[in-house]
Structures are given as C-alpha cells and as structure tokens.
**Student:** 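Attaching a single structure in structure tokens format; questions to follow.
The residues of the chain are indexed from 1 along the displayed sequence.
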Amino acid sequence: MSQTVDRALSILPLLAEGPADLGQVATRLGVHKSTALRLLRTLHDHGLVYRQQDQRYRLGARLFALAQEAVENLDVREIAHTHLVTLNEQIGHTVHLAVYEESEVLYIDKVESRYPVRMYSRIGKPVAITVAAVAKLLLADLPEHERRAVAEKLDYPLYTSRSTPNAAAFLKELATVREQGWATDLGGHEESINCIGAPIRGAAGRVVAAMSVSAPNVVVTAEELLTLLPLVRRTAEAISREYSGSVTPH
C-alpha cells in the first residue's frame with residue numbers, strides 16, 4: 001500500500017515539469033504501463049491530474065486549489081503576534097488583529113494598552129463592521145461586486161454622529177481605503193476612541209487580515225494617533241512579508 005502511495009505521489013513532481021504521456025510516466029516510475037495507468041486514473045478521480053485531449057497528463061486544478069487553501073490557512077495570528085507585541089511596547093496603545101470570516105469581521109488577537117483606560121473589545125468577538133478601521137480594510141479588498149453586495153445588506157447603526165450612515169457612504173469610504181492602503185475610525189464607534197489600521201497581505205497581494213492601533217482621546221488626540229500611521233503600516237508590511245514570503249511593501 002505504501003509503495004502504491006509513494007509511486008502515485010512521485011507522479012506529481014514529474015507532471016510539474018510539464019505534461020507527460022502514459023509511456024513517459026511508466027518509464028520514470030519504472031513500472032508497467034498498466035500500473036502507471038491505474039495510478040494516473042486514481043489521481044485523475046481526485047482531480048490531482050488531468051488528461052488532455054492529446055492523451056497527455058498534466059497537474060489538475062484541484063491540486064492548485066489545495067495549495068491555495070493551505071496558503072490561506074497559514075496561521076496569520078501566530079506570525080503576527082510578536083510584531084503586535086513589539087508595536088505595543090513601542091507605543092503603549094491597544095493593538096488588534098482581525099480577519100473577515102463568513103460575513104463577519106472578528107478580532108483574533110489583542111495586545112492591551114499600558115494605560116489604565118481599557119477597551120472592551122474581545123478576541124473572537126465581531127467588530128462594528130460599518131465603522132471599524134479593520135473592517136474597512138478587509139471589505140475594501142473584496143472585488144467590487146462583492147463589496148457592493150455586502151454593503152447593501154448591512155445595517156448602519158448610528159453609534160455616534162461620526163458613524164457611517166448608509167451603504168453609499170460606506171462604499172465611498174471603502175474606495176478611499178482601497179486607494180490609500182490604510183483606514184481610520186475617528187470616533188465612529190465610540191466618541192472618545194480613535195483608531196488607525198493597515199492591511200496584512202498574502203502571497204497574491206490580497207488582504208488576509210488587518211491590524212489596528214486604538215486609543216482614547218484622554219490618552220492621545222486623533223491628530224497625535226495619526227502620526228503613528230507610518231509605524232503601523234511598517235508593522236503590517238513586516239507581517240505581510242513574513243506571512244507570504246513574497247509581498248513587497250505597499
């Protein structure tokens with residue numbers, strides 16, 4: 001059994017070099033054509049190889065889908081955490097990491113502020129999707145038709161006078177965020193709390209997570225918080241590079 005699995009898996013790097021016919025596969029594996037055909041059929045049934053019209057075999061789409069899924073499921077929290085802690089030690093404010101999952105934006109990590117005024121956010125809890133900086137960053141990266149569909153389905157609670165009032169205003173803000181590569185929430189959820197955020201990108205340049213720094217007015221003004229934006233963006237870029245191994249700074 002293990003020899004069969006070994007032979008079947010040996011076909012994949014062979015086909016990665018380019019399409020090959022049955023004879024070539026059998027020769028490379030050192031087996032009869034009947035054995036090679038049985039292995040190829042099994043791999044074909046699982047979508048891992050594909051038989052072309054010219055009867056040659058190439059790698060199948062399912063293999064690429066699995067590879068993409070594996071990349072997407074790299075633990076961004078594990079990679080980001082040290083960077084978030086370092087940033088928190090430098091500036092002292094609350095640092096969050098969030099992802100977009102099943103129509104919600106969720107905090108997946110949080111490093112508390114060193115100041116006595118604490119934020120009531122919790123890991124695993126959905127964020128206020130129409131106002132939070134991390135939500136704007138994650139939704140801004142969606143394809144336009146998806147972005148529009150999401151925006152039109154949302155409710156727009158007026159948490160404060162600065163909250164996003166409707167889908168049109170939200171879409172306009174998402175377009176700005178997409179263009180500039182960073183986002184803010186200046187009193188949109190709570191009057192006294194401001195927030196700045198930057199995206200974390202995967203290998204294909206897509207936003208896989210977002211990080212933010214939040215602070216109350218009593219500790220730092222919105223203007224002072226905005227001066228930390230270059231540092232926040234550099235941190236997000238460092239996480240992106242480590243996560244993907246290939247992202248150039250944005």
**Student:** If every non-hydrogen atom of Leu37 is compared with every non-hydrogen atom of Leu22, which pair is closest and at what distance?
**Tutor:**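 It is N-CD1, 3.6 Å.
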
**Student:** Could you walk me through whether Ile196 and Ser212 pass the side chain to side chain contact (heavy atoms under 4.5 Å, CB included) check?
**Tutor:** CA-CA 5 Å; Ile196 55 174; Ser212 64; over 6 Å; no

**Student:** How about Glu146: does its CD atom have over 12 heavy atoms from other parts shown lying under 6.0 Å from it?
**Tutor:**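 Enclosed.
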
**Student:** For a quick test of reading the model, state the closest non-hydrogen atom pair linking Leu97 to Val76 and the distance between them.
**Tutor:**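 Looking at all heavy atoms of both residues, the closest pair is CD2-O, 4.2 Å.
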
**Student:** Can any side-chain N or O of Thr221 pair as donor or acceptor with the backbone N or O of Asn217 at less than 3.5 Å?
**Tutor:**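 It does not hold such a pair.
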
**Student:** Do you know which two heavy atoms are closest between Ala133 and Asp185, and how far apart they sit?
**Tutor:**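 Shortest heavy-atom contact: N-CB, 3.9 Å.
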
**Student:** Are Arg56 and Asp54 close enough for a salt bridge, meaning some N to O gap below 4.0 Å?
**Tutor:**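 A salt bridge is present here (some side-chain N lies under 4.0 Å from a carboxylate O).
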
**Student:** Looking at residues at least two apart in the chain, or sitting in another chain, which of them share a side-chain hydrogen bond (donor to acceptor under 3.5 Å, both in side chains) with His189?
**Tutor:**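 With neighbours one apart ignored, the set is empty.
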
**Student:** Could you check Glu89 against Thr86 for side chain to side chain donor-acceptor pair (under 3.5 Å), going step by step and ending with a plain yes or no?
**Tutor:** CA-CA 5 Å; Glu89 286 168 353; Thr86 302; 4.9 Å; no

**Student:** Tell me if the CD atom of Gln3 is crowded by more than 12 foreign heavy atoms within 6.0 Å.
**Tutor:**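 Result for CD/Gln3: open.
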
**Student:** Linking directly or through intermediates, with side-chain heavy atoms under 4.5 Å: list the remaining ILVMFWY members grouped with Leu137, chain and number order.
**Tutor:**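 Noted: Leu137 shares its cluster with Val177.
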
**Student:** Are there over 12 heavy-atom neighbours, none belonging to Arg41, within less than 6.0 Å of that residue's CZ?
**Tutor:**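 Count not over threshold, so no.
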
**Student:** Is there a side chain to side chain contact (heavy atoms under 4.5 Å, CB included) between Val208 and Arg201? Walk through the geometry before answering.
**Tutor:** CA-CA 5 Å; Val208 294; Arg201 297 176 189 274; 6.0 Å; no

**Student:** Can you list every pair that meets ring-ring contact (aromatic ring centres under 6.0 Å, His included) and has a residue in residues 195-221, with sequence neighbours left out?
**Tutor:**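 Found none.
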
**Student:** Is it the case that one hydrophobic cluster holds both Val150 and Leu171, taking links as side-chain heavy atoms less than 4.5 Å apart, direct or via other members?
**Tutor:**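 As far as the 4.5 Å side-chain criterion goes, Leu171 and Val150 are not connected within one cluster.
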
**Student:** Is Val134 reachable from Ile108 through a run of hydrophobic residues whose side-chain heavy atoms are each under 4.5 Å from the next?
**Tutor:**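 As far as the 4.5 Å side-chain criterion goes, Val134 and Ile108 are not connected within one cluster.
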
**Student:** Report the distance from atom CD of Glu101 to atom CG of Leu106, rounding to the nearest 0.5 Å.
**Tutor:**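 Rounded to the nearest 0.5 Å, the CD-CG separation comes out at 6.0 Å.
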
**Student:** I need the minimum non-hydrogen distance between Ser214 and Ile193, along with the two atoms involved.
**Tutor:**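 For Ser214 versus Ile193, the nearest heavy atoms are CB-CG2, 4.4 Å.
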
**Student:** I'd like to know if the side chain of Glu242 and the backbone of Ile239 have a donor-acceptor N/O pair within less than 3.5 Å.
**Tutor:**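 It does not hold such a pair.
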
**Student:** Between CG of Leu142 and CG of Leu174, what distance do you get to the nearest 0.5 Å?
**Tutor:**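 Atom-to-atom, Leu142:CG and Leu174:CG are 8.5 Å apart.
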
**Student:** Nearest 0.5 angstrom please: Asp45 CG to Arg62 CZ, how far?
**Tutor:**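 Here the interatomic distance stands at 13.0 Å.
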
**Student:** Please check this pair: side chain of Asp141 against backbone of Val207, looking for a donor-acceptor N/O pair closer than 3.5 Å.
**Tutor:**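 Checked: pair present.
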
**Student:** Say you draw a straight line from OG of Ser240 to CD1 of Ile79; how long is it, rounded to the nearest 0.5 Å?
**Tutor:**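 Interatomic distance, Ser240 OG to Ile79 CD1, rounded to 0.5 Å: 10.5 Å.
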
**Student:** Would you say Arg58's side chain and Tyr50's backbone share a donor-acceptor pair under 3.5 angstrom?
**Tutor:**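 Checked: no pair found.
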
**Student:** Mind jotting down which residue pairs meet the side-chain hydrogen bond (donor to acceptor under 3.5 Å, both in side chains) criterion with at least one end in residues 18-33? Sequence neighbours excluded, please.
**Tutor:**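 side-chain hydrogen bond (donor to acceptor under 3.5 Å, both in side chains) check on residues 18-33 returns Glu17-Arg28.
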
**Student:** For the CG atom of Leu87 and the CZ atom of Arg234, what is their distance to the nearest 0.5 Å?
**Tutor:**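 Result: 10.0 Å between the selected atoms.
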
**Student:** Please list all pairs meeting side-chain hydrogen bond (donor to acceptor under 3.5 Å, both in side chains) that have one or both residues in residues 148-165, counting only residues at least two apart or in different chains.
**Tutor:**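 Sorted result for residues 148-165: empty, none.
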
**Student:** Using atom types as modelled and distance alone, determine if a side-chain donor or acceptor of Lys136 lies under 3.5 Å from a backbone N or O of Val131.
**Tutor:**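 Pair found, side chain donor or acceptor close to backbone of Val131.
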
**Student:** For Gln180, does the CD atom sit with more than 12 other heavy atoms under 6.0 Å from it, leaving out its own atoms?
**Tutor:**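 Yes, CD of Gln180 has more than 12 neighbouring heavy atoms, counting only those of other groups under 6.0 Å.
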
**Student:** Without hydrogens or angle criteria, can the side chains of Lys110 and Thr94 be said to hold a donor-acceptor pair below 3.5 Å?
**Tutor:**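 Per modelled atom types, Lys110 and Thr94 side chains form no pair under 3.5 Å.
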
**Student:** Only counting residues at least two apart or in another chain, list the ones meeting ring-ring contact (aromatic ring centres under 6.0 Å, His included) with Tyr115.
**Tutor:**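 With sequence neighbours excluded, Tyr115 shows a ring-ring contact (aromatic ring centres under 6.0 Å, His included) to His93, given in chain and number order.
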
**Student:** Please determine whether residues Leu59 and Leu39 belong to a single hydrophobic cluster, defined as Ile, Leu, Val, Met, Phe, Trp and Tyr linked transitively by side-chain heavy-atom distances below 4.5 Å.
**Tutor:**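 Cluster IDs for Leu59 and Leu39 match.
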
**Student:** Grab the two heavy atoms, one from Ala8 and one from Leu43, that are nearest each other, plus how far apart they are.
**Tutor:**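 For Ala8 versus Leu43, the nearest heavy atoms are O-CD1, 3.5 Å.
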
**Student:** If you look at every heavy atom in Tyr107 and Arg122, which pair is closest and at what distance?
**Tutor:**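 Answer, listing the atom of Tyr107 first, then Arg122: CB-O, 3.7 Å.
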
**Student:** Can you tell me how far OH of Tyr57 sits from CG of Leu15, rounded to the nearest 0.5 angstrom?
**Tutor:**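 These two atoms lie 10.0 Å from each other.
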
**Student:** Would Tyr243 end up clustered with Val111 when hydrophobic side chains under 4.5 Å apart are linked, directly or stepwise?
**Tutor:**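 As far as the 4.5 Å side-chain criterion goes, Val111 and Tyr243 are connected within one cluster.
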
**Student:** Mind checking whether Trp182 and Leu138 sit in one hydrophobic cluster, side chains of I, L, V, M, F, W, Y counted as touching below 4.5 Å?
**Tutor:**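 No: no chain of side-chain contacts under 4.5 Å links Trp182 to Leu138.
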
